[in-house]
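As a basis for the values below, the full set of heavy atoms in this structure was taken, side chains included, without hydrogen atoms, waters or symmetry mates. So that the names make sense, note that chain A is the first sequence line, chain B the second, and so on, each numbered from 1.
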Protein chains: 2
Amino acid sequence: MSIKDPRAAGLASLAGLIADRTRAACLLALLDGRAWTAGELARHAGVAASTLSEHLGKLVAGGLLAEERQGRHRYVRLAGARVAQLVEDLAAQVPPAEAGQPARTLRESSADSAMARGRTCYDHLAGRLGIAVTDALTLRGLLRQDTGFALTDAGVEWFRTAGVPLDLSGRRSPARACLDWTERRPHLAGAAGAALCRHALDVGWCVRIGSGRAVKVTASGERVLGSLLGIPPSALR
Amino acid sequence: MSIKDPRAAGLASLAGLIADRTRAACLLALLDGRAWTAGELARHAGVAASTLSEHLGKLVAGGLLAEERQGRHRYVRLAGARVAQLVEDLAAQVPPAEAGQPARTLRESSADSAMARGRTCYDHLAGRLGIAVTDALTLRGLLRQDTGFALTDAGVEWFRTAGVPLDLSGRRSPARACLDWTERRPHLAGAAGAALCRHALDVGWCVRIGSGRAVKVTASGERVLGSLLGIPPSALR
DNA sequence: CCGACATTTCGGCACCGGCCGAACCGTCCT
DNA sequence: AGGACGGTTCGGCCGGTGCCGAAATGTCGG
């Protein structure tokens, strides 16, 4: 272990990919689960396109991002759920003091409040919406958090009857907690969280707002969440 | 979010603490959960004491390490379970290609095989021992991994009857999966894993080998694990 | 009080890595 | 074909940071 530890080198180089303001900003932006073009990210991060191009090269080479080239555009997205979880976990460690700060402009403030109400966190629901769903599942005995974090048998049955296609056979964690950084509480992630989010968007329980990661619950979604999980509309506002 | 994102800065600086070979080596060494002196770490990492002193300063300032000064010694340890989990998660992402490599000397090879047999991973059991316990719990319906990762009611009862003091009331995750980097499979971590490990060491089911993080099961431990969990002695060798 | 020892502070050095603008290469549109 | 536009490559600048050895600080044991 002493002089040359390949594990330490690997750990350091992985962390090194994230240890840059600009790349960190990209990773956080990509946490919405969508694919961004290089130009969008450059504008977002406030650096020259050339600079960002080099950053993307490193992130792709390091396996954190997957790229997809379409004509003159280069789309990148997080390479997978593992990477998303890693970035989330790391971001969750950042002390709120360094993270916080009130919004500055009216436009930003409004965007912030929409995000706080409901958003996607890579491939699952977060914000007050994510918390409300998670709490409702827990309260109804469908998800147990007191001895770990897992769906109950009744929970699996609930997914079936609600028509949410749930595949627990993959290598991916069936259900895990993801710390919500606006609510500072855990919400449902993993295969179950992703299935629920996908289904909710597919059948119109909620829709994306504009081009960002914010989502809002539709009128029909409000009814469904009320009848299936007993979530009062007030918890979604 | 655009020009100056405090969250990105925080994420980058946190990652930056880990993004150095020497500091990474320290963090991995400290994953054994014990407190090391600055000198020990310097020798372990193969750098001058003065160099390491500066690294420790950064890690402590960044909240990753806690220090305890005793006379002319400076003991450091991981600041808590959250940090340990973070380092584990990050290390688990490192592709095995970069991590692996066969042992070099006979001494190291023997130490490696002892570690593969059983060791502590911060505050819980890992290696074949950790996997054997986790698998046995799962097989007997005490731990469920099919819909998440949580103890069952029978599992909580098992801890009680086995005399393992289990406190699920804290803020800490009651049970979570930790990816074992020799076995490449999840083992029990979190409050339950820590309680089990502490109890096993307290009552002599296993003992530490030398000064490292390797542990071995005692004769009495073998009997107890056999009768309480049905673990065959062959799974512990 | 003295010598041994652990740790820290301080220069100073070398290197790495992020940033930019300019030039270049493709693709798309008209 | 020509111009607009997205992305990349290149050269050069600059700041940050890891490293060391030497000297300083502090502690322990006589």
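Dashed line: the shortest gap from a side-chain N or O of B:R72 to OP1 or OP2 of C:dA4 is not under 4.0 Å. Remark: B:T37 is not in phosphate contact with C:dA6, judged by side-chain N or O atoms under 4.0 Å from OP1 or OP2. The shortest distance between the side-chain N/O atoms of B:H55 and the OP1/OP2 oxygens of D:dC19 is below 4.0 Å. Under 4.0 angstrom from either OP1 or OP2 of D:dC19 there lies no side-chain N or O belonging to B:T51. The side chain of B:R74 contributes an N or O atom lying less than 4.0 Å from OP1 or OP2 of C:dT8. Between A:S50 and the phosphate of C:dG21, there is no side-chain N or O to OP1/OP2 separation shorter than 4.0 Å. B:K58 has no side-chain polar atom (N or O) that falls below the 4.0 Å cut-off from OP1 or OP2 of D:dT17. Between B:R21 and D:dT17 there is no side-chain polar atom (N or O) within less than 4.0 angstrom of OP1 or OP2. Put simply, B:R69 has a side-chain N or O that comes within less than 4.0 Å of OP1 or OP2 on C:dT8.
When each of D:dG18, D:dG7, C:dC20 is scored by its nearest atom to the side-chain atoms of A:V47, the top-ranked nucleotide is C:dC20.
The nearest whole Å value for the distance from the CG atom in B:L52 to the P atom in D:dT17 is 17 Å. As a whole-Å value, the separation of B:L41 CG from C:dT8 C1' is 16 Å. Rounded to whole angstrom, the span from the CD atom of A:Q70 across to the P atom of C:dC28 amounts to 10 Å. In this entry the distance linking NE2 of A:H44 with P of D:dG6 reads 18 Å, nearest Å. Look at CZ on A:R43: it is 12 Å from P on D:dC5, rounded to the nearest Å. As rounded to whole Å, 12 Å separates atom C1' of C:dA6 from atom CG of B:L56. Taking atom CD on B:E54 and atom P on D:dC19, their separation rounds to 9 Å, with Å as the unit. Atom NE2 in A:H73 sits about 12 Å away from atom C1' in D:dA4, given to the nearest Å.
Between A:W205 and A:H199, the ring planes are perpendicular. Angles over 60° get that label, and only those under 30° would be called parallel.
Of the two residues contacting DNA chain C, namely A:T22 and A:G71, the nearest-nucleotide position lying further toward the 5' end is that of A:T22. In this structure, B:Y75 and A:R23 both approach DNA chain C, and ranking their closest nucleotides by distance from the 5' end singles out B:Y75.
Between the side chain of B:R23 and the backbone N or O of B:G16 there is at least one donor-acceptor pair closer than 3.5 Å. Listed for the A:T134 side chain is a donor-acceptor partner under 3.5 Å among the backbone atoms of A:L188. Checking side-chain atoms of A:T218 against main-chain N and O of A:G204 turns up a donor-acceptor pair under 3.5 Å.
Under 4.0 Å is where a charged nitrogen must lie from a carboxylate oxygen, and between B:R172 and B:D123 at least one such pair does.
Remark: the A:R34 side chain and the A:T120 side chain contain no N/O donor-acceptor pair separated by less than 3.5 Å.
As judged by a 4.0 angstrom heavy-atom cut-off over every strand, A:A38 is placed among residues touching the sugar-phosphate backbone only.
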